[in-house]
Amino acid sequence: QVRLVESGGGLVQPGGSLSLSCATSGLTFSEYAMGWFRQAPGKDGEFVAAISPSDGTWYGDSAKGRFTVARDSAKRQVYLQIHNLKPEDTGVYLCAATAGSISTTVNGVDYWGEGILVTVSS
């Protein structure tokens, strides 16, 4: 059974930094592109960042310059580092796995984590 479990969320002040982790199990990690989506209150889901099996990366417009995605094949985990957090970054962040290449759309994702809340507020 495939499982994606996020950790590292919480309350952060604007301008601060936060690191999210996604632990995976039940899949061949090296064959999946891994990514992050987020959903703010009252808004549709938004693509944030993704990394391919060959370590190529892709970022959503709102994440460029402030977000970094990485993967660790030994630990079978994917990470999202966020800097200079803004109130509009608030939302539930979900880890996603897609066989083969990166998906920037919700319907292209094969597996999802349950999500973890990030709140940016002073």
Side-chain angles (χ1 to χ4, degrees):
Q1 182 178 355
V2 173
R3 292 189 66 206
L4 309 178
V5 182
E6 302 94 340
S7 62
L11 175 64
V12 185
Q13 293 184 342
S17 299
L18 195 67
S19 294
L20 304 180
S21 298
C22 175
T24 72
S25 61
L27 54 75
T28 304
F29 187 75
S30 62
E31 296 179 357
Y32 282 80
M34 302 298 303
W36 295 88
F37 292 75
R38 70 185 183 188
Q39 187 166 24
K43 294 186 177 181
D44 294 333
E46 177 187 27
F47 171 73
V48 177
I51 183 166
S52 73
S54 59
D55 291 338
T57 58
W58 193 264
Y59 295 93
D61 289 340
S62 63
K64 293 178 180 177
R66 299 189 299 115
F67 289 46
T68 301
V69 63
R71 64 192 294 156
D72 186 326
S73 59
K75 296 181 178 179
R76 301 168 62 86
Q77 294 190 11
V78 62
Y79 309 97
L80 184 69
Q81 296 182 345
I82 316 172
H83 300 286
N84 191 24
L85 280 156
K86 303 176 181 180
E88 53 263 41
D89 293 322
T90 294
V92 175
Y93 284 69
L94 301 106
C95 182
T98 306
S101 59
I102 288 171
S103 176
T104 61
T105 60
V106 169
N107 57 304
V109 172
D110 293 320
Y111 301 104
W112 293 93
E114 292 186 357
I116 191 165
L117 181 63
V118 172
T119 302
V120 184
S121 177
S122 59

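- The cluster map of Ile, Leu, Val, Met, Phe, Trp and Tyr, joined by side-chain heavy atoms under 4.5 Å apart, puts Val106 and Ile51 in different clusters.
- Closest of all the heavy-atom pairs between Phe29 and Met34 is CE1-CG, 3.8 Å.
- Taking OG of Ser7 as the start and CG of Leu20 as the end, the distance is 8.0 Å to the nearest 0.5 Å.
- Counting only heavy atoms from C-beta outward, the side chains of Val69 and Val78 approach each other to under 4.5 Å.
- Residues Gln81 and Ser17 are not in side-chain contact: their nearest non-hydrogen atoms beyond the backbone lie 4.5 Å or more apart.
- The two residues Gly100 and Pro53 make their nearest non-hydrogen contact at O-CD, 3.2 Å.
- The two residues Gly56 and Ile102 come nearest to each other via the heavy atoms O-CD1, 3.8 Å.
- For the residue pair Thr119 and Ser121, no side-chain donor N or O sits within less than 3.5 Å of a side-chain acceptor on the partner.
- For Glu88, the CD atom sits in a packed shell: over 12 heavy atoms of surrounding residues, nucleotides or ligands are nearer than 6.0 Å.
- Taking CG from Leu18 and OH from Tyr93, the interatomic distance works out to 8.5 Å, rounded to the nearest 0.5 Å.
- Follow the hydrophobic side-chain contacts under 4.5 Å out from Ile116 and you never reach Val109; the two are in separate clusters.
- The structure places OH of Tyr79 at 10.5 Å from CH2 of Trp36, a figure rounded to the nearest 0.5 Å.
- A donor-acceptor pair under 3.5 Å is formed between the side chain of Ser103 and the backbone N or O of Thr105.
- Cluster annotation: Val118 and Val92 are assigned to distinct hydrophobic clusters (Ile/Leu/Val/Met/Phe/Trp/Tyr, side-chain heavy-atom contacts under 4.5 Å, transitive).
- At least one side-chain heavy atom of Leu27 sits less than 4.5 Å from a side-chain heavy atom of Leu4.
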Could you go through Arg76 and Ser25, starting from their C-alpha distance and side-chain angles, then the distance that decides it, and tell me whether this counts as side-chain contact (heavy atoms from CB on, under 4.5 Å)?
CA-CA 8 Å; Arg76 301 168 62 86; Ser25 61; 5.5 Å; no
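- Considering OG1 of Thr104 and CZ of Phe37, their distance stands at 6.5 Å, rounded to 0.5 Å.
- For the pair Ser122 (side chain) and Gln13 (backbone), a donor-acceptor distance under 3.5 Å is absent.
- Rounding to the nearest 0.5 Å gives a distance of 6.0 Å between OG of Ser62 and CZ of Phe67.
- Taking the side chain as every heavy atom from C-beta outward, Arg66 and Asp89 approach each other to under 4.5 Å.
- A single hydrophobic cluster is seen to contain both Trp112 and Phe47, as judged by linkage of ILVMFWY side chains at heavy-atom distances under 4.5 Å, directly or through other members.
- Separating the CD atom in Glu46 from the CD atom in Gln39 is a distance of 10.5 Å, to the nearest 0.5 Å.
- Considering only heavy atoms from C-beta on, Thr24 stays 4.5 Å or farther from Tyr32 through its side chain.
- Taking each heavy atom of Pro41 and Gly91 in turn, the nearest pair found is CD-CA, 4.5 Å.
- A heavy-atom distance below 4.5 Å is found between the side chains of Leu94 and Glu6.
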